[in-house]
Structures are given as C-alpha cells and as structure tokens.
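As structure tokens, the structure follows; a few thoughts come after it.
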Amino acid sequence: MIFFLALGLGWSQQHQGHGHGGHGGAPSQGPLTPIQLRLIEGWIRQVPSSLRDTTVYLTVQNPLGRDLRLVGASSPVAEMVMLMEDYRETRSGQTIQGMREVKSFLLPKNGQLVLRPGGKHLMLMGLKRPLKEGERLPIRLIFEGKQEAALELKVERR
C-alpha cells in the first residue's frame, strides 16, 4: 500500500532542541520548506515501558528530480532523534556488531530510502513517556537545504 503525503510544517526555533540527528547542532535558523515524499511504509517499535529508547523504520520515495540528504529528525515524544546504522566487521579475527551514528542518509532523486531492522534506522532517544501499541506519532524528517517532511507512524509490536 502506497500513501502519498504532502509533508511538512513550518519549523520554529522553539522546536530546534527536540533532536536533530543527535549531533548536538541545531538546524539553520529560520523556517524550513515543506517537501513532498511518498511514504511506502513505516512503523515505530513498541518497547517495554522501562526502556527509554526505540527505533523507527520506514521506506520513503523521493518523487523529486533531485537528491535529498536526510540530516536529522525530531519527534515530540523523544528528547532527540539520531540517525543510526547497524554494522558488522571483523577485527583481529573477532566479529564485532553494533550501531553507530551517521551524519546523513541519501534519498536519491526518484529513488527510495529504506530504514529497516539490521540496517539504517532512526533512534528515538529519551522517550518522554511509554508508547502504546497502535498509537500514531509524529516524526519530522529534516533535510539538507532547510527542507522538512512531517509524517505520522504507528507504534507496532514486531
């Protein structure tokens, strides 16, 4: 199922502290320009109420004729949102797995950005309250060049 979303709302300086890629920097001052993306699918992982972090997975399509670079995100339910990537590497014969923060994700022109378990994803850090299965939560994606896309994703137990 494909949903077409006209995404984005004005961004004010009062919201700049709500996480922006976890890099400690605020987005450029001034309003952001709304852009249109197609949300193919997306969900937020439900976690036990004792946990303060969770993951966001989604697939979005860029119908625009230019590349977009996702540089941050925010949500009112989290203190910050970080762009993360799972990795697996071998060092001195030992396999090491983990997650690392990344500065950006490319959303190619007329292409897709896929955030999925075991790969790229967003981390909602410092949840302000427990998330309930089935509720829909706002997520704001911030792109290079003062652009944004706002969407709602459902909390799911998977």
Side-chain angles (χ1 to χ4, degrees), residues 7-9 11-30 32-35 37 39-62 64 66-92 94-109 111-131 136-158:
L7 303 172
L9 300 170
W11 181 266
S12 67
Q13 286 182 290
Q14 67 184 359
H15 291 96
Q16 289 180 359
H18 289 293
H20 181 73
H23 302 295
S28 301
Q29 292 186 4
L32 298 180
T33 303
I35 58 172
L37 301 177
L39 176 65
I40 307 299
E41 68 171 328
W43 58 286
I44 299 167
R45 185 183 301 272
Q46 183 184 24
V47 293
S49 60
S50 60
L51 296 181
R52 299 220 37 226
D53 306 328
T54 192
T55 48
V56 176
Y57 304 109
L58 55 83
T59 300
V60 289
Q61 185 172 4
N62 177 3
L64 306 175
R66 67 185 188 290
D67 291 346
L68 297 170
R69 186 159 298 279
L70 179 65
V71 296
S74 68
S75 177
V77 299
E79 292 174 13
M80 78 160 86
V81 180
M82 298 174 71
L83 282 60
M84 303 292 287
E85 182 175 58
D86 290 350
Y87 70 91
R88 183 182 180 124
E89 56 190 48
T90 303
R91 292 186 200 160
S92 304
Q94 299 286 330
T95 300
I96 299 169
Q97 301 185 161
M99 291 185 297
R100 62 178 149 231
E101 183 179 10
V102 296
K103 292 183 180 184
S104 65
F105 295 135
L106 178 65
L107 176 49
K109 66 181 178 182
Q112 293 184 348
L113 172 62
V114 179
L115 307 183
R116 64 175 156 233
K120 299 173 185 174
H121 57 278
L122 302 177
M123 289 291 300
L124 298 181
M125 306 294 289
L127 293 173
K128 297 176 181 178
R129 62 173 178 77
L131 305 183
R136 299 185 68 77
L137 300 173
I139 302 289
R140 182 168 294 168
L141 304 177
I142 311 296
F143 294 91
E144 194 173 72
K146 296 172 118 181
Q147 299 174 93
E148 68 175 351
L151 48 98
E152 268 191 4
L153 299 177
K154 191 174 179 181
V155 176
E156 297 181 14
R157 186 182 314 207
R158 289 194 195 183

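Note that the numbering runs from 1 along the sequence shown for the chain.
To the nearest 0.5 Å, atoms CG (L122) and OG (S74) are separated by 10.5 Å. Between the CD atom in Q46 and the CG atom in L51 there is a gap of 11.0 Å [rounded to 0.5 Å]. Atom OG1 in T55 sits 13.5 Å away from atom CE in M82 (nearest 0.5 Å). To the nearest 0.5 angstrom, T54 atom OG1 is 7.0 Å from M123 atom CE. Note that CG of L58 is 6.5 Å distant from CG of L141, once rounded to the nearest 0.5 Å. We find the CD-CG distance between Q61 and L107 to be 9.0 Å, quoted to the nearest 0.5 Å.
When the ring-ring contact (aromatic ring centres under 6.0 Å, His included) test is applied to F105, no partner is found at least two apart in sequence or on another chain. Considering only residues two or more places apart in sequence or on other chains, R88 meets the salt bridge (Lys or Arg N to Asp or Glu O under 4.0 Å) condition with none of them. In this view, R100 satisfies the side-chain hydrogen bond (donor to acceptor under 3.5 Å, both in side chains) rule with no residue, not counting sequence neighbours. Partners of E156 under the side-chain hydrogen bond (donor to acceptor under 3.5 Å, both in side chains) rule, at least two apart in sequence or in another chain, are R158.
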May I have the step-by-step check of side-chain contact (heavy atoms from CB on, under 4.5 Å) for I44 and I139, ending in yes or no?
-> CA-CA 10 Å; I44 299 167; I139 302 289; 4.2 Å; yes
With side-chain contact (heavy atoms from CB on, under 4.5 Å) as the test, would you mind laying out the steps for D86 and Q97 before giving the verdict?
-> CA-CA 7 Å; D86 290 350; Q97 301 185 161; over 6 Å; no
Check against side-chain contact (heavy atoms from CB on, under 4.5 Å), W43 and K154 = CA-CA 5 Å; W43 58 286; K154 191 174 179 181; 5.6 Å; no
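With T59 contributing its side chain and E41 its backbone, the two residues share no donor-acceptor pair below 3.5 Å. Judged purely by atom type and a 3.5 angstrom limit, T90 has no side-chain atom pairing as donor or acceptor with the backbone of T95.
Counting non-hydrogen atoms of neighbouring residues, nucleotides and ligands closer than 6.0 angstrom, the CD atom of E89 exceeds 12 such neighbours.
Within the structure, the salt bridge (charged side-chain N to carboxylate O under 4.0 Å, His left out) test picks out no pair touching residues 111-125 (sequence neighbours left out). Under the salt bridge (charged side-chain N to carboxylate O under 4.0 Å, His left out) criterion, the residue pairs touching residues 50-62 are R52-E79, with sequence neighbours excluded.
The two residues N62 and L64 have their closest heavy-atom pair at OD1-N, 2.8 Å. Taking both residues in full, the closest heavy atoms of R66 and I35 are given as NH2-CG2, 4.3 Å, listed atom of the first, atom of the second, then distance. Contact record, M125 with A78: O-CB, 3.6 Å, taken as the closest heavy-atom pair. Taking both residues in full, the closest heavy atoms of L137 and R129 are given as CD2-NH2, 3.4 Å, listed atom of the first, atom of the second, then distance. Of all the heavy atoms in S75 and P138, the pair that sits closest is OG-O, 2.8 Å. Of all heavy-atom pairs spanning Y87 and M99, the tightest one is CE2-N, 3.6 Å.
Side-chain atoms of I40 and V114, non-hydrogen and from C-beta on, never get closer than 4.5 Å to each other. Within the 4.5 Å cutoff, no side-chain heavy atoms of L37 are placed close to those of L151. Under the 4.5 Å side-chain criterion, counting only non-hydrogen atoms from C-beta, L115 is not in contact with V56.
Under the side-chain contact (heavy atoms from CB on, under 4.5 Å) test applied with Q147, the options L68, L70, V71 reduce to a single match, L68.
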